[in-house]
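Worksheet: one structure, shown below.
Here is how names work: the chains are called A, B, and so on, in the same order as the sequence lines, proteins then strands, and each is numbered from 1. Side chains included, hydrogens not; waters and symmetry mates left out as well; all remaining heavy atoms used.
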Amino acid sequence: MSRKMILRVPKFQEPKRMEKSEAQRLWLLLKDAIVEVQHMNASTLSFEELYRSSYSLVIAKRGDILYTGLEEVNNHHTKNLLDKIAQAVDERFLIELNSQWQQYKLQQIMIHDILMYLDRMYVKEPQLKVFDLGMFKWKQNVLIHSQINDRLVRMLLGLIHMERNGEVIDGALMKSLIQMYVDVSLKEKETYKQEFEERFLLATSHFYKSESNLFITNNSCGAYLKKVEIRLIEEEARIKQYLDESTGPKLIKACEDELIANHMQTMIEMETGCRTMIQNDRFNELKLMYRLFQRVENGLVHLKNEFAGYVRNEGHKIVNQPENLKDPNALITSLIEIRNRFEKTLSQSFANNRDFINSVNTAFESFLNENDKLSESLALFIDKKLRGGFKDSNDQEIDVIMNKVILLFRFLSDKDVFKKFYEHYLAKRLLSGRSFSEDLERTMISKFKQECGNQFTSKMEGMFTDMRLSKDALDGFKNYLQTSVEMGKLPKIDMSVRVLTQGFWPTFPPHSCTLPPLLSQYCDLFTKYYCHAHTGRRIIWQTNIGTAEVTFRLPKKTHVLALSTYQMLIMLLFNDAEKLSLKQMAAGTSISFMDIQRSVKPLYSGKYKVLKRTPAVEKSKELSENDIFELNLNLKCKLHRIKFAATSQTDSEPERQHTRQRVDEDRKIEIDAAIVRIMKSRKALIHNDLIVECTKQLSSRFVPQTSMIKKRIENLIEREYLERFPDDRRRYRYLA
Amino acid sequence: MKSTYRNIAKLQDDFTNLFQIQDEFSDFKIIIEDPKNPNEEKIFYTHRSILNCRSDYFQALFRSKMKEYQEGKILFKNISSNIMEKILGFIYTGSLQVTNEDAVEILVLAKKFFFPEIVNFLADFIAESI
């Protein structure tokens, strides 16, 4: 080290041994000064002199004289103050206490400043710091003294009570006095908590218990909610104004318990309560209720359950209303309406809370699957819309409706049933040329696709392809007819054929009929043409879903009748007969009697009657096979073209049964596929696990019945896809 | 983008002589009765706001509003003026130059006035010097 090793130690700083008398002199000087400070006469004292005195004492290791002396002086002073304060009467008490306290606090800061060197260099734990010592003496000799403490707390609580009842009190005074409890607390605000806060919270609970009981019995729920909200705002303000912030959460909790938690059940059940609000769409009141209930434990659970219960109940009413059961359109419209309504409640009142939305959705799921009507009703609803119901809606409205349809669809547990019905009605729309817009059809299908994937819509898309290809095929056929040699021999008729790929389309119940020779010939020609162009294909004629236009010559007028193929066949019979019984019609056309009945009905009982029943039997609706019909030559109709519905729009029960059967058939295949898939990957599995896994896999399409899965397992065992373990009959093994 | 321009050296230069000359902004006098030159008083013309924010001692002094606060001056005996000048230099500029000659004297004063940074620095300095 190159630095010069000389340190100059100045003479005057050499520590001298301090005489006891010198120490005593310095202490007396300080003591006099402290007493002056306590009498608020500090301005003439020299800070430096006092500081230097305390400094000198400490460095001379005489700090003990100073510290014990200070303790005594404080002790003495606070005891004097107690008497002074305790004598003050009524309101003067608080004012006197507060002014003495404020002065005392200032004095203690000053004393601390003078004795800063003592405070920092001498005081060691567990001794109190100079300022804390002052606080402690105040607490010991003034604040918690029996003459002060109880009187003070009672007066403070009395003032708060008055303020809660609407009177104006001195907030600054409150703040100062309450803060005093905090200031004299040595750690964790213990004095404040013990002496003030505990009693304050108790008084608060007490106050709000009686207020809330009284208010809620004399007012509506809405008024009560508003009252609670105001009270909570007031208490929040009270915390800021004069309480210690650590009391905030406890105070609010106490208020919430008394004002909300204890009355939740009442608020839900009372006549003007939650139920009524939901019923009457009182969004603002519900919103307030939501906000308040949110603050207490389990509050929202109560509200949510009540709301979900109401939703379920309303939904249940709708799906079971007799009128709705008859009218799918009304049913779905009402469902969309309540969905809209509850979505509004959810967004306006319940902040679109996830739990609330989920429980509403669960409710929808439960009532929508209460009976098996919904799949078909929904399919029919869309059918009606796509047949022209969308005519007056703009794109946006259409999109909204379609999305609602998808929403309801999402809740269906048996989506496969819906799919069958949808395909069925789609087929009918396409074949009867009743679809309003192919664009809309495709939009709807793309929404299903988004929801359920390709597999769900592949058949529907196949139908559209068929329609397009059919058109090409038909054009080709017409050209072919032009060049065909046989053509010359045949009278010309305008025939339109649609080639439907089996599998894409619903299988229509097979019905046979005898076509007139001319039509048969045309059919044969088409078959010949088509099978030549597409080798290996086979054509099966499905006459029961065809339509025809027939010229109807009356003595004075000619009409064109738009008929089903069956109706055409029946009408053609009248070319050779004047009167025909139903039995004869059936014999002449080879159509089943049931179809004859259905076909004839619109012809004689609709607005325009081309057939009449002889003898006319007005009221009997049942047709027997011996009923006789003849052409109605007196038909009066201004229209040239008359259209007859082949069948009613909704399907007959047998058709519906047929659709259901096909769903069941499809389900068997799906279940088989699922079982095989699972077993192939797991190799061996216990019966119950297989059932669970299988149900899980299929749940997006339908909810399979356990009994059905069992049957399919048996079937697969028979077909040797699976086998049971010989030693454990409950386990299956996959046979590759 | 963010950037900070600093010119501490300039700041220190500007503040170095701030307490040497009396001007209209000075509001607190520090008077030294130097034991070495008993007949000569040295006066520093300082600023309450700076002393208050840089030193615990002066903060306490101003807060207590005693005689010195009222009169706007303080008298130190038994402190040499060049040591006081160094302490004030530190208060105003944040830098302190020590030599072997004055280290101990500054250390004592720094302890009395609570400059823990100086105390630590000097303790190391002295330890190294011995």
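- Residue B/K29 qualifies as open at atom NZ: its count of foreign heavy atoms under 6.0 Å is 12 or below.
- At distances below 3.5 Å, not a single donor-acceptor pair connects side-chain atoms of A/Y51 with backbone N or O atoms of B/F113.
- Within 6.0 Å of NZ on A/K193 lie more than 12 heavy atoms contributed by other residues, nucleotides or ligands.
- Of the two parts of A/I59, neither the backbone nor the side chain holds a non-hydrogen atom closer than 4.5 Å to a non-hydrogen atom of chain B.
- Screening residues 57-77 of chain B for salt bridge (Lys or Arg N to Asp or Glu O under 4.0 Å) gives A/D113-B/R63 as the qualifying pairs, with residues at least two apart or on separate chains.
- Of the atoms belonging to B/Y57, heavy atoms from both backbone and side chain fall under 4.5 Å from chain A.
- For the residue pair A/S43 and B/Q70, the shortest heavy atom distance occurs at CB-NE2, 3.6 Å.
- In B/K111, the NZ atom is not crowded: 12 or fewer heavy atoms of neighbouring residues, nucleotides or ligands sit closer than 6.0 Å.
- Only the side chain of A/I114 has a heavy atom closer than 4.5 Å to any heavy atom of chain B.
- Around the CZ atom of B/F114, the shell of radius 6.0 Å holds more than 12 heavy atoms that belong to other residues, nucleotides or ligands.
- In the displayed structure, A/E91 atom CD is contacted under 6.0 Å by at most 12 heavy atoms of other residues, nucleotides or ligands.
- For the atom pair CE of A/M116 and CG of B/D56, the computed distance is 5.5 Å after rounding to the nearest 0.5 Å.
- Residues of residues 120-131 of chain A having a heavy atom under 4.5 Å from any heavy atom of chain B, listed by number: A/R120, A/M121.
- Between A/F47 and B/F62, the ring centre distance reaches or exceeds 6.0 Å.
- Heavy atoms closer than 4.5 Å to chain B are found in the side chain of A/I109, but not in its backbone.
- For CZ of B/F15, the number of neighbouring non-hydrogen atoms (other residues, nucleotides, ligands) closer than 6.0 Å is 12 at most.
- At a 4.5 Å heavy-atom cutoff, the contact between A/T44 and chain B is made by backbone atoms alone.
- B/I74 touches chain A through its side chain: at least one heavy atom from C-beta onward sits under 4.5 Å away, while N, CA, C and O do not.
- Note: B/S64 OG to A/H112 NE2 = 11.5 Å, rounded to the nearest 0.5 Å.
- The two residues B/M66 and A/V37 make their nearest non-hydrogen contact at CE-CG2, 4.1 Å.
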